Amino acid sequence: MKTNKHIIYQTVPRLFGNYRENPVKNGSIEENGCGKFNSYTQKALESIRELGVTHIWYTGIIAHSTCTDYTAYGIPKDHHAIVKGKAGSPYAIKDYYDVDPDLAENIPNRMNEFEELVKRTHDAGMKVIIDFVPNHVARSYRSLMKPAYLDDLGQHDRTELAFSNMNNFYYLPGQGLELHFGAQEEDFEYSEFPAKVTGNDCFNATPGKNDWYETIKLNYGIDYMNGKTGHFSPTPDTWNKMLDILLFWVSKDIDGVRCDMAEMTPVEFWEWAIPRVKSRKNITFIAEIYNPEQYAAYINTGKFDYLYDKAGMYDTLRRIMRREAPATELTARWQAIENIKEHMLFFIENHDEQRIASDFFAGNAQAGIPGLALIATFDVNPIMIYNGQELGEKGMDDEGFSGVDGRTSIFDYWSMQSIRAWANNGRFDGGKLGDEQRRLRESYKKILSAAKREKALSHGHFYGLAYCNKNNPYFPVEYMTAYLRKYKDELMLVLINFDSKAHHFRVNIPKNAFDILNIPDNTVYRAKELISGKETICALTYTCPYQESAPAHSAKMLKFSLQR
């Protein structure tokens, strides 16, 4: 069993540290500004840590393609036809050995500024996670910052071969890349011959606008043209190059990597690479993975510490929060991950998903509180929140490339109203927040801090109560769920109300729960509700339901001390 509850704060430096008001659609970095490594001051980091955060995932650290011109610093310019948005996608890596120059105050000193950020984060009592993007790179990939003794990706590829396990890319011999969409902002069309295979496994020379057309797929020894057969002996050249890259970032004293689209990279690579990295430093590996049928393989064979549970817990909670499914669906979700639950990373927002407060999701930031409380208190596994989530960021801006889609753009130079209000020109005192934003952040702080602090939540056993209340007319299981967490003499009763209405309810706690968790029956306790701080005197018994009220979109965490 994991002994430390990880609470991860995902933050996009380009956005988080940008306090420019009234950004313009499709604005340049000069027009709209950009956050910097140095934006994460001691006060900024303290404001994140006080939420209960243990790890910060800095998103978009590694150098990627962009429309911003850095040729004055010796960085080649990217053709606009293969860049998404003015800022570019953080997942179209153009140099694995460099950091994004957008984020530096002094561009020639950019790696030192990143290293100083790592140190500041550690000094603030938190660990550092960055993205590792293993499946694809920018079409313009060329490493200027790699060690001189290392060959570059594709440097010795035999481009006349569609596949070779010694090639770093896949090729379409005799075909040139054709892009038939978007405005050409250059004096000449982008040219690529022979065409390389596009990052989302698009094996033709005419990727569409919905493909990852700005990227090319890396070759890990899988022959996609012949039944997806694996050719892993001798060790594919890409494996060695990617291991060198991982070890380079380990040397920067990071504590973990979130591996983008890890399931598109063969599990055999991870089985080979992760132990080699961990022998140097025991960093945390998190896999972005969407196929539940692959979960066990990437944990057991692939050696990952944690996996995204997007297709499971996130999708289930989203349906429940949108009133598209009953809360009873949670039982099947818990059962599906019973044997691997400590490895699952839960979230209800990240850079890929729509904001809870957006018109495309719940339209109300408070509606996220029951979902947050559930993922924070369900089990010992890690959880994640996304910068601005704790402040009700709506994601309804028309930034440019992304448009009004309920997400905060990762492709455009932009700033977030909620973060600007909290940062208050670098004071990080919340001086410009509205009352609702203040209350929301305080709720997040109490829930997340309790999840980390309370042994029953970070270490304890779980006992679900939905099954024994499904026929209880005083406990509407379509809107509500409840469960117990127990560690030694500490007992937690968690009550979740997803409904937009308040409820007064009676929840049955069966004799079986008292027996399994060793709870004395019919005993009077002092209970403290950890979000409101209110204390009550009550009795727990299996002969009578526990009565409580729950406001709309709320959670209650009742702590009982069983010591006499």
Side-chain angles (χ1 to χ4, degrees), residues 6 8 10 57 59 91 129 131-136 199-201 210-212 228 257-267 270 284-356 358 360-362 367-368 370-386 389 395 405-407 410 462 464 466 481 496 498:
H6 293 350
I8 301 169
Q10 182 192 6
W57 165 19
T59 300
Y91 297 99
I129 296 170
D131 284 292
F132 174 56
V133 186
N135 177 66
H136 49 271
N200 61 319
D201 296 356
N210 294 323
D211 288 311
W212 303 347
K228 294 186 178 181
V257 285
R258 175 265 189 191
C259 300
D260 182 72
M261 298 307 299
E263 68 182 304
M264 296 181 75
T265 303
V267 71
W270 300 112
T284 298
F285 277 82
I286 301 170
E288 181 189 23
I289 182 167
Y290 293 96
N291 182 1
E293 293 181 359
Q294 293 294 317
Y295 284 0
Y298 278 76
I299 293 168
N300 299 323
T301 304
K303 311 299 183 185
F304 275 94
D305 297 289
Y306 305 115
L307 312 180
Y308 265 42
D309 196 16
K310 193 273 181 191
M313 184 60 79
Y314 172 83
D315 284 349
T316 299
L317 278 173
R318 179 184 170 96
R319 290 194 301 271
I320 292 169
M321 292 163 67
R322 285 172 54 82
R323 300 288 296 275
E324 296 170 350
T328 51
E329 283 198 4
L330 287 166
T331 300
R333 175 46 33 208
W334 296 337
Q335 292 171 345
I337 59 171
E338 176 63 30
N339 296 327
I340 56 172
K341 58 188 178 183
E342 67 185 44
H343 295 282
M344 304 312 295
L345 174 60
F346 291 160
F347 55 87
I348 49 176
E349 275 194 10
N350 65 29
H351 68 280
D352 284 320
E353 308 302 338
Q354 291 168 329
R355 294 283 191 174
I356 296 164
S358 77
F360 297 90
F361 194 155
L372 175 75
L374 186 137
I375 64 171
T377 64
F378 162 70
D379 217 294
V380 300
N381 54 298
I383 66 167
M384 179 174 72
I385 66 170
Y386 184 40
Q389 177 183 341
D405 60 1
R407 299 174 178 86
I410 61 170
F462 172 89
T481 195
I496 307 286
F498 291 101

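Fair warning: this is a prediction, and the values are worked out from it, not measured in the lab.
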Under a 3.5 Å cutoff, is there a donor and acceptor pairing between the side chains of [X] and [Y]?
| X | Y | value |
| --- | --- | --- |
| Asp131 | Tyr91 | yes |
| Arg355 | Tyr386 | no |
| Thr316 | Glu329 | no |

[atom2] on [Y] to [atom1] on [X], rounded to 0.5 Å:
| X | Y | atom1 | atom2 | answer |
| --- | --- | --- | --- | --- |
| Met384 | Asn350 | CE | CG | 4.5 Å |
| Asp379 | Leu374 | CG | CG | 10.5 Å |
| Ile289 | Cys259 | CD1 | SG | 11.0 Å |
| Glu349 | Ile385 | CD | CD1 | 9.0 Å |
| Tyr314 | Met344 | OH | CE | 15.5 Å |
| Asp260 | Phe132 | CG | CZ | 10.5 Å |

Please give me the minimum heavy-atom distance between [X] and [Y], naming the atom from each residue.
| X | Y | answer |
| --- | --- | --- |
| Ile496 | Ala373 | CD1-CB, 3.8 Å |
| Ala466 | Thr481 | CB-OG1, 4.1 Å |
| Asn381 | Lys341 | CB-O, 3.1 Å |
| Trp270 | Thr265 | NE1-O, 3.5 Å |
| Met261 | Glu288 | N-OE1, 2.8 Å |
| Phe304 | Ala262 | CZ-CB, 4.0 Å |

I'd like to check [X] versus [Y] (side-chain heavy atoms, cut-off strictly below 4.5 Å). Are they in contact?
| X | Y | answer |
| --- | --- | --- |
| His136 | Met264 | no |
| Ile410 | Thr59 | no |
| Trp334 | Met313 | yes |
| Ile8 | Tyr306 | no |
| Gln389 | Ile348 | yes |
| Leu330 | Phe378 | no |
| Asp309 | Tyr295 | yes |

- Determine yes or no for a side-chain-to-main-chain donor-acceptor pair under 3.5 angstrom, with Arg323 supplying the side chain and Phe498 the backbone.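 Looks like no, no N/O pair under 3.5 Å.
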
- Message: More than 12 heavy atoms of other residues, nucleotides or ligands under 6.0 Å from CD of Glu293: yes or no?
- Response: no

- Message: Please determine whether the number of non-hydrogen atoms from other residues, nucleotides or ligands lying under 6.0 Å from atom CG of Asn300 exceeds 12.
- Response: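 Check passes, neighbour count above 12.
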
- Sequence neighbours left out, what passes side chain to side chain contact (heavy atoms under 4.5 Å, CB included) with Ala336? Give chain and number order.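 Side chain to side chain contact (heavy atoms under 4.5 Å, CB included) check on Ala336 returns Arg333.
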
- Got a sec, which residues hit side chain to side chain contact (heavy atoms under 4.5 Å, CB included) with Ile299, two or more places apart in sequence or on another chain?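 Partners of Ile299 under the side chain to side chain contact (heavy atoms under 4.5 Å, CB included) test: Leu307, Ile340, His343.
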
- Query: Is Arg318 close enough and on-axis enough to Phe361, meaning under 6.0 Å and within 45°, for cation-pi?
  - Reply: yes

